[in-house]
Number of protein chains: 2
Amino acid sequence: MSIEKVARLAGVSTATVSRVLNGYAGVRPATRERVLAAIAASQYQPNLLARQLRTAQSRMLLVLVSSIINPFCSRVVRGIEAEAEAHGYHILLCNSDSQPQRESAYLALLSGKIVDGVITMDAITNLPGLRQMIGDSPWVQCAEGDPDAEASSVTIDNQQAAHEAVAHLAQQRRRRIAMINGDPRYLYAQQREVGYRAALKVHHLSWSGVEYASDVECEAGYAAMARLLDRADPPDAIFAVSDVLAVGAIHCIRQRRLRVPQDIAVLGFDGLPWSAMLSPPLSTLEQPMQQLGVRSVQLLLQRIRDPRAPHIHEQLSCRLVARASSQLVPD
Amino acid sequence: MSIEKVARLAGVSTATVSRVLNGYAGVRPATRERVLAAIAASQYQPNLLARQLRTAQSRMLLVLVSSIINPFCSRVVRGIEAEAEAHGYHILLCNSDSQPQRESAYLALLSGKIVDGVITMDAITNLPGLRQMIGDSPWVQCAEGDPDAEASSVTIDNQQAAHEAVAHLAQQRRRRIAMINGDPRYLYAQQREVGYRAALKVHHLSWSGVEYASDVECEAGYAAMARLLDRADPPDAIFAVSDVLAVGAIHCIRQRRLRVPQDIAVLGFDGLPWSAMLSPPLSTLEQPMQQLGVRSVQLLLQRIRDPRAPHIHEQLSCRLVARASSQLVPD
DNA sequence: CTGTTAGCGCCTTCAA
DNA sequence: TTGAAGGCGCTAACAG
C-alpha cells in the first residue's frame, strides 16, 4: 500500500511514482517535484522484496565460505564485498564450517531466487544434489576450482606454487622437507600435495612427510608439527599451507628447543600482512587475496548478465616471499 | 506460476500445495502424497521472494561490520552466523570500511524489508539519518554499544578492561605506559582510553602517551609504535587495543634493537588463538568473541519476536591473560 | 507525459 | 478436507 499512499498524496498514479523512483525519463519536472515531495513527506521506503519479486532479480550474491575466521577467506570475502558493492550487489554470507547440510541449506536460497548467483570457496563439488540445487544458476568457484565442474573459477596454480615452495627450501640445502597440509577434501590441498611430491622428485629428495591439520587454526599447525617432530627422522624444513598453521608449527619447534631457521626452516602460505612482522619474519607464498575475490565477482556478474557466457577458468599468479624463517642468509 | 504448476500436476489447488509445503495439518495423507510426488517430479523450488513478500518477513539479519579482515570481527561474525543459522536465519554481511555512505546503503535494506533486523559492530551512532533509516526496526549493537541509542547492546566493559591492562603493566613496575589506540570515532576506543587514563591516575603515573592506529592492520601498529619511540622520553610499556596492532608494535620495537619485555612490555587485546604462539607469547585481554555474536543474535531475535521487548544492555566479561610479552617472570 | 491494468508467486481467510 | 479468491507492493506494457 505504500507506493499507492505516495501516489494518492501526490495526486498521481502509482506508475508515475514508480517512474520517478526509478529515474525514468518522461516525467514532467513539476510532477516529479510533487512526487518527490510526497515521498519525503511520507518517509516512504520502497519495499525491496516486492521490487525483487517483480523484477525477478535480487542483486544479492551468495558467498559460501568454509570458515570466515580463516584470514585468507576473510580477505577474499572483503574483495568480493567491495567489488559486489561497486556494482550495486549485496552479499549473503554463509560460513559452512564444511558441513554439507549447511551448504545445501544456503544453496536453497539460490533456487529460491533470493540470490542471483553464488561464489563458493568451499569444497562442495561432491555435495549430493549439487547439480540440482545450483541448476544452471550463475556460479563461480573461488580459490577452490574444479575444472570439471560446470562453473567458472578463479584460482591460483596450486601445484606450481607448492613446487616453488619446495624448490626454495631445497635450494637452502634442506633434505627432509615436510608438508603441513589442510583438509584433503579440498582441491587446493590435493593440488599442493601433488606439487610438493613432484618437486621432491625433481630435486631427488626421497624423504617425504605430510601431516594434515585438523582445522585452520594455529593449534592445528602446532599439533601437526608435533607429530612430525615425534618421528624417528624428523624434518629439517616445513612447507605449511597457511601462515596461520606456520605460526603454530614454529611455536612447536621453539618449544622443543629447536631453532628456526637453523634447525628447521619454515615456509608459510597466503602472505598475510603480519607474516612479515613475526619473529623471525615468515617466508610465505603470497596470494592475491583481494584480487581473487574481485575477479570472482566480475566473472559472476558477467554470467548473470549473459547466462550463455562461457565458463572461464582463470589463474592468478602468486609470489614467493623469502624471509628469515626459511633462510640463514638473505638472498 | 510454479506452485500452480505443481497444483495442476497433482490435481489439487494451490492452497493445498501451500499447505503441504508449510506442513500444516488437515491434509489427507493420500492428497499429501500426491502433492509430494508432484513436487518431486517437477523439481519445484518455492520462490522465497514471493513467500517473504507475502509473509512480510525475510528471516535475514543484516550485519554491519567495519572490517571483516579484523580477526576480532570475523570471529564475532562467526558467532553471529552460527546462532542465526541455528534459528533459521541467514545473514547479510556489510563490510563498511567505516564509510557512512556504505553503511546507509545497507541500512536501506532494513527499511526495504529485505532483512528483519540489524546487528551493528560499526561506529554508526552518528550516522546522519540513522534514526529514520532504522526507524523502530529491531537493532542490536555488538561490541560497540552506545547506551543512549535506542537499541540493545552486547559489549564488554571496555573501561574496566583497559584499567586492568594498565594495572597489570604498572604491577610489572612500568612507569611510562603508552597506549596504541584505534580510531577514536569508535566508542570502544574512547572508553578504553578513559580507562587507561583513569588507571594511570590511580597508579600515580604522570607519564602518558596515546597514539592512534590509522586502521586495524599490523602496519598501523608498527607506525604508531614508531611514533612513540621517536619521542624524547619513550615508553617502557605498551597497551595496544588489539593483538594485531601489538604484533606490529613488537616488530617495530625489535627493529630498533630493543627487547620485549625487558626494555618494553607489550600487552594486546582480543585474545586471538595465535597470540599464545608468538615469540614471545603475547599477553592480552581476552574477549568472548564468539559469545558476543551469539548473544547479539539472541537479543535481536527476542526483539523481532516481540517488538515491544525492552532494550537490554549486556556486558560480557573478559579476562587478562598474562604471558611473556609483559612480564619478566611468570606469575 | 500520465493512467490503467495485469501480473510476479505465494499464503490465507472464507466458504463449501 | 479442500478450493476460490484476494492481495502483499511493485514494475512494465499498453493506452490514452
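Only heavy atoms go into these numbers, but all of them, side chains included; no hydrogens, no water, no symmetry mates. Residue numbers begin at 1 in each chain, while the letters A, B, ... track the order of the sequences.
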DNA chain D contacts among residues 35-51 of chain A, heavy-atom distance under 4.0 Å: A:Tyr44, A:Pro46, A:Asn47, A:Ala50, A:Arg51

Whole angstrom value for the distance that separates C1' of D:dT2 from CZ of B:Arg32: 13 Å

Any residue meeting salt bridge (Lys or Arg N to Asp or Glu O under 4.0 Å) with A:Glu217, in chain and number order, not counting sequence neighbours: B:Arg75

Of all pairs that satisfy ring-ring contact (aromatic ring centres under 6.0 Å, His included), the ones with a partner from residues 36-80 of chain A, not counting sequence neighbours: none

Separation of D:dA4 P from B:Glu4 CD (nearest whole Å): 11 Å

Non-neighbouring partners of A:Glu83 that pass salt bridge (Lys or Arg N to Asp or Glu O under 4.0 Å), sequence neighbours left out: none

Which residues share a side-chain hydrogen bond (donor to acceptor under 3.5 Å, both in side chains) with B:Asp97, sequence neighbours left out: none

Terminal axis angle for the helix from C:dC1-D:dG16 to C:dA16-D:dT1, five pairs an end, nearest 10 degrees: 40°

B:Asp146: partners by side-chain hydrogen bond (donor to acceptor under 3.5 Å, both in side chains), with sequence neighbours left out: none

Interatomic distance where NZ belongs to B:Lys113 and C1' belongs to D:dC8 [whole Å]: 12 Å

Salt bridge (Lys or Arg N to Asp or Glu O under 4.0 Å) partners of A:Arg185, counting only residues at least two apart: A:Asp183

Non-neighbouring partners of B:Arg32 that pass salt bridge (Lys or Arg N to Asp or Glu O under 4.0 Å), sequence neighbours left out: none

Can you tabulate the close N/O pairs, meaning under 3.5 Å, that link protein atoms to atoms of nucleotides 12-16 of chain D?
unit_1: D:dA12; atom_1: OP2; unit_2: A:Tyr24; atom_2: OH; d: 3.0

Sidechain-backbone polar pair: B:Glu103 side chain, B:Ser98 backbone, donor-acceptor under 3.5 Å: no

d(CD, A:Glu33; C1', C:dC1) in whole Å: 16 Å

Within residues 292-309 of chain B or reaching into it, pairs that qualify as salt bridge (Lys or Arg N to Asp or Glu O under 4.0 Å) - sequence neighbours excluded: B:Arg295-B:Glu314, B:Asp306-B:Arg308

d(CG, B:Leu53; P, C:dT12) in whole Å: 12 Å

Atom-pair distance (CZ on A:Arg8; P on D:dG9), nearest Å: 12 Å

Can you give each donor-acceptor pair under 3.5 Å made by side-chain atoms of residues 105-122 of chain A, sequence neighbours left out, with the distance rounded to 0.1 Å?
unit_1: A:Tyr106; atom_1: OH; unit_2: B:Glu81; atom_2: OE2; d: 2.8
unit_1: A:Tyr106; atom_1: OH; unit_2: B:His90; atom_2: ND1; d: 3.3
unit_1: A:Ser111; atom_1: OG; unit_2: A:Ala108; atom_2: O; d: 3.3
unit_1: A:Ser111; atom_1: OG; unit_2: B:Gln45; atom_2: NE2; d: 3.2
unit_1: A:Asp116; atom_1: OD1; unit_2: A:Ser58; atom_2: N; d: 2.9
unit_1: A:Asp116; atom_1: OD1; unit_2: A:Ser58; atom_2: OG; d: 3.2
unit_1: A:Asp116; atom_1: OD2; unit_2: A:Ser58; atom_2: N; d: 3.3
unit_1: A:Asp116; atom_1: OD2; unit_2: A:Arg59; atom_2: N; d: 2.7
unit_1: A:Thr120; atom_1: OG1; unit_2: A:Trp139; atom_2: NE1; d: 3.0
unit_1: A:Asp122; atom_1: OD1; unit_2: A:Tyr186; atom_2: OH; d: 2.9
unit_1: A:Asp122; atom_1: OD2; unit_2: A:Ser96; atom_2: OG; d: 2.3

Distance, rounded to the nearest Å, where B:Lys5 contributes NZ and C:dC8 contributes C1': 16 Å

Atom pair distance, as rounded to whole Å: CD1 in A:Ile3 and P in C:dT4: 14 Å

Residue B:Arg28, side-chain heavy atoms: nucleotide from C:dG3, C:dC10, D:dT1 that is nearest: D:dT1

Residue-phosphate contact under 4.0 Å: B:Thr16 side-chain N/O, D:dG3 OP1/OP2: yes

Partner of A:Ser153 under side chain to side chain donor-acceptor pair (under 3.5 Å), chosen from A:Gln141, A:Glu144, A:His313: A:His313

